[in-house]
Amino acid sequence: MIVMKFGGTSVQDAEAIDRVATIVRDRLGETPVVVVSALAKMTDQLLAMAAAAGAGNRDKALELSLAARERHFNTASDLLGTGKFAQIHAELEEEFNALDDLLRGVVAVGELTPRSTDSIAGFGERVSSRIVSASFSLRGLNASHVDSRQCIVTDGTFTRAVPQLEETNSRLADSVKPLLSHGRIPVMGGFIGATRDGIPTTIGRGGSDFTAAILGAGLDAERIEIWTDVDGMMTTDPGLCPQARRIKTITFEEAAELAYFGAKVLHPATLLPAIQKNIPVLVLNSCNPKNEGTRITATAPKSRSVFKAIAAKKRITVVDVVAARMLMAHGFLKSIFEVFANHRCPVDMVSTSEVSVSVTVDSNESIAAIAADLGKLAAVKYEGRKAIVCLVGENIRSTPGIAAKVFTAISDVNIHMISQGASEINISFVIDEAEVPKVVSRLHNLFFSEVDPEVFA
Ligand code: ADP
Ligand code: ASP
Ligand code: MG
């Protein structure tokens, strides 16, 4: 069997969902399980409703919800025609009434908790998966809607809940496998799950890719397909640099580094389940299905180019901890990292000197509290609006002088931190966020104007 995941733009309207049905029909012989995101931008809109309700703005929350309701009803009726639409109309009504009840509840208690945020954020996938499933049935595909909250079991870390694989796998075996053996196509929402007690959770923004990988590993898929709005993994974000080229093949390790350092095309957690079961992941374009996309596997053909791609991760804060002579004291670094751990704040990059430690974290609302706690140990300063730029490629290992070439090309740019060697396949550095377009396009011109045609399209 295979898993096919369609992102927000791939299901953004009736026309897009119709294309999805055609793509899935082409793969029927391979026993597909289909995962869908919310319609494009829907999750942002749901979070805006939640925020409005949390701020006590009932009218705005309900107005946004009404617009979402109408968009889904219109999409469903365009896809299904009157007869079939009538069948799922009641289901959709029920979902949107539940959403309105939740929003009113948030206004009434005057507080938006992470738990209610997750309940609200998950509606996009709840309804998109029902619409896609119904439209498949109308197009002669044997679809069965599966409620992801019944199968994807997570812990209770709302907004970035951690899937509990053992329980999830046993539920998949009970609810999804039998459908496959009866020749049906399970259609599920990505991104959402529930705790053991059935409280709705989400697994982090962009998490539908991760859902697809969890299903792929849990059901022993032969392949995981991530269908999106670009031709595959590219040498850099095509939105940032139109010259970006498609990467034909890339290793799990390289793709994971790129995803981690900002290549939004894949959620950073996606590759872990695939690596564990050695399942190839393909990134494909739902608007250009004939294109062969990018194949991500354990090993890739040797490339003559040094780098495979450049990623940039914005919204980074650099935290500097300065403690003369304290730094080398036994246990000091541990106490610094404990502060980040206590705030459940992951650290991306680290650099130390005799008197200071600098780390980067994703900008978030806990920074001030983290700085206050670090301030008890040493002097602290922090600065936001930074970005990590990361060049990835397995050939970095064996190419002398490559860092010199990178930094010479951007010698007019202020570099705040540099890191190379942790994985031996990436060179990363921190710059001001505003410099990202210039730096990325300059490095892209330098390293990707002439590339190995075996590896790049
Ligand atoms: P989906 O809704 O299908 O999950 P996303 O918006 O999450 O799609 O991811 C696709 C987007 O990722 C592309 O439109 C592109 O702008 C962005 N992107 C960033 N880096 C890369 C890259 N290296 N290769 C391809 N796309 C990238
Ligand atoms: N709809 C969710 C989001 O926008 C999950 C996803 O699309 O992968 O974050
Ligand atoms: Mg995505």
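Counting starts at 1 for both ligands and their atoms, following the listed order.
Under 4.0 Å is where a charged nitrogen must lie from a carboxylate oxygen, and between Arg397 and Glu424 at least one such pair does.
For the residue pair Asp118 / Thr202, a side-chain donor-acceptor distance below 3.5 Å is found, with atom types taken as modelled. A donor-acceptor contact closer than 3.5 angstrom links the side chains of Asp155 and Thr157.
Separating the CZ atom in Phe191 from the OG1 atom in Thr201 is a distance of 9.5 Å, to the nearest 0.5 Å.
For residues 192-243, every residue pair satisfying the ring pair (Phe, Tyr, Trp, His ring centres under 6.0 Å) rule, not counting sequence neighbours, is listed here: Phe6-Trp227, Phe210-His267. Among pairs with a residue in residues 36-52, those fulfilling side-chain hydrogen bond (donor to acceptor under 3.5 Å, both in side chains) read Ser37-Ser208, Asp44-Arg205, at least two apart in sequence or across chains.
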Practice task
For the pair Asn414 and Asp432, evaluate side chain to side chain donor-acceptor pair (under 3.5 Å) and give the outcome as yes or no after the intermediate values.
Solution key: CA-CA 8 Å; Asn414 191 10; Asp432 290 341; 5.3 Å; no

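Aromatic ring pairs are classed by plane angle as parallel below 30°, tilted from 30° to 60° and perpendicular above 60°; the pair His89 and Phe85 is perpendicular.
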Table of N or O contacts for ligand 1, cutoff 3.5 Å:
from     : atom 1 : to     : atom 2 : distance (Å)
ligand 1 : 2 (O)  : Gly8   : N      : 3.2
ligand 1 : 3 (O)  : Thr228 : OG1    : 2.7
ligand 1 : 4 (O)  : Lys5   : NZ     : 3.1
ligand 1 : 6 (O)  : Lys264 : NZ     : 2.8
ligand 1 : 8 (O)  : Thr228 : OG1    : 3.2
ligand 1 : 12 (O) : Val265 : N      : 3.4
ligand 1 : 14 (O) : Asp229 : OD1    : 2.9
ligand 1 : 14 (O) : Asp229 : OD2    : 3.4
ligand 1 : 16 (O) : Asp237 : OD1    : 3.0
ligand 1 : 23 (N) : Met234 : O      : 3.1
ligand 1 : 24 (N) : Met234 : N      : 2.9

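At a heavy-atom cutoff of 4.0 Å, ligand 2 is surrounded by Ser37, Thr43, Glu125, Phe191, Arg205, Gly206, Gly207, Ser208.
For Arg58, the CZ atom counts as loosely surrounded, since its 6.0 Å shell holds 12 or fewer non-hydrogen atoms of other residues, nucleotides or ligands.
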